[in-house]
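Read the numbers this way: they start at 1 and go in the same order the structure lists the ligands and their atoms. Keep in mind that the numbers below use all heavy atoms, side chains included, and drop hydrogens, waters and symmetry copies. What you see is a predicted model, and the numbers here were worked out from it, not measured in a lab.
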Amino acid sequence: MSVQTIVPAAGAGTRLKSEKPKALVDLGGKPLLVRTLLRLQKAGIAEDVIVLAPPDNLDLFQEVLEGAGLDFRWRLVPGGSERQISVSRGIEALPSHVEWVVIHDAARPFVPVNCIHQALEAARAVGAATVAIPCTDTILVADSDCFLVETPERKHLWACQTPQVFRVDIIVEAHRWATEHRFLATDDATLVRSLGNPVRLVMGSTLNFKITTPTDLLMAGLLIERGFV
Ligand code: CTP
Ligand code: MG
């Protein structure tokens, strides 16, 4: 079974407000992206990894990854203006022999190895799977003036995480459809579901949070310092 991993890392990190691109910010002595790649290596799915990088910073990313001493093959591909466009570029760069695709955000460095394996297993059974966790907060739907519109029942709500795993033909078709219909989503499982395909949810972890804000980065640093991850 041929598995290829795509790591979207081309975001600007607007909410993090860092000087460097988010994927290269320091996290306990290593760039965030390197920590995430090492986690994928530990799970045994780092072989010829495709990393989407900001087109303006390809040289810098190349330099950082070359200097990181990674002992697996990786390739940098220029990303796009939205996460979905970056992932699309990664899919276009897949070699033809690939059967399964794992997509994992560079911004989630602490994904537990067992979540990755469970997502692969679930995808093998139905064609597509995503890691997610049941929402602990009550989620409010608001209008553009910040007035409450409705409150969906919490027991059906899950917060989406990555990795997401797909049979290659399913994800290729979903991205083709999304591009054609100008449909934009913040994850890939949603595209697959929009075409009517089943997507299995696999239990994620609160440790698999996405580093988005300065507080997230601070908490991630503390988790490393205290030896929790
Ligand atoms: N991503 C990407 N290409 C983009 C936007 C995002 O590859 N054009 C990647 C990010 O690098 C990240 C993941 O998608 O690993 C999730 O995106 P997010 O957390 O939103 O990161 P940023 O877009 O960098 O952050 P912000 O939205 O605050 O600018
Ligand atoms: Mg973003």
Side-chain angles (χ1 to χ4, degrees), residues 4-27 30-41 43 45-46 49-62 64-65 68 70 74-94 101-111 115-116 119 130-133 158-166 171 174-175 178-179 182-192 204-221 229:
Q4 177 100 25
T5 303
I6 294 176
V7 177
T14 317
R15 290 168 288 180
L16 190 62
K17 299 185 189 89
S18 72
E19 279 170 24
K20 285 183 190 174
K22 180 161 93 176
L24 300 186
V25 295
D26 180 79
L27 180 52
K30 287 193 182 89
L32 168 59
L33 171 62
V34 171
R35 284 209 176 262
T36 303
L37 291 173
L38 290 172
R39 193 52 76 115
L40 300 176
Q41 182 183 19
I45 55 156
V49 178
I50 294 172
V51 177
L52 284 309
D56 298 346
N57 276 304
L58 283 178
D59 290 349
L60 180 59
F61 273 63
Q62 184 78 27
V64 169
L65 290 187
L70 301 168
W74 47 268
R75 263 188 301 153
L76 285 180
V77 170
S81 56
E82 303 287 342
R83 182 189 181 282
Q84 186 175 310
I85 300 172
S86 295
V87 173
S88 262
R89 303 247 162 99
I91 289 169
E92 283 161 17
L94 288 171
V101 181
V102 177
I103 301 171
H104 183 64
D105 288 334
R108 295 182 189 273
F110 305 140
V111 57
C115 290
I116 301 175
T130 183
V131 172
I133 48 171
W158 293 65
C160 188
Q161 299 187 338
T162 66
Q164 300 191 327
V165 185
F166 308 98
I171 192 65
H175 269 267
T179 307
R182 294 166 194 257
F183 183 94
L184 205 57
T186 48
D187 78 303
D188 302 288
T190 298
L191 307 183
V192 165
S205 162
T206 49
L207 285 177
N208 188 24
F209 65 93
K210 182 162 68 64
I211 295 183
T212 306
T213 64
T215 311
D216 294 331
L217 189 62
L218 185 72
M219 289 198 303
V229 284

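Heavy-atom minimum distance, Ala9 versus Leu33: CB-CD1, 4.1 Å.
Side chains of Leu191 and Gln84 form a contact here, defined as non-hydrogen atoms less than 4.5 Å apart. In this structure the side chain of Asn208 never reaches within 4.5 angstrom of the side chain of Cys115, judged on heavy atoms. When side chains are defined from C-beta on, Thr162 does not count as touching Val111, because their heavy atoms never get closer than 4.5 Å. Two residues are said to be in side-chain contact when any heavy atoms from C-beta on lie closer than 4.5 Å; Asp105 and Arg83 meet this criterion.
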Kindly indicate, with the supporting measurements, whether the criterion side-chain hydrogen bond (donor to acceptor under 3.5 Å, both in side chains) is fulfilled by Thr190 and Asp187.
-> CA-CA 6 Å; Thr190 298; Asp187 78 303; 2.5 Å; yes
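Annotation: ligand 1 has protein neighbours Pro8, Ala9, Ala10, Gly11, Ala12, Gly13, Thr14, Arg15, Lys22, Gly80, Ser81, Glu82, Arg83, Ser86, Asp105, Ala106, Ala107, Lys210, each with a heavy atom less than 4.0 angstrom from the ligand.
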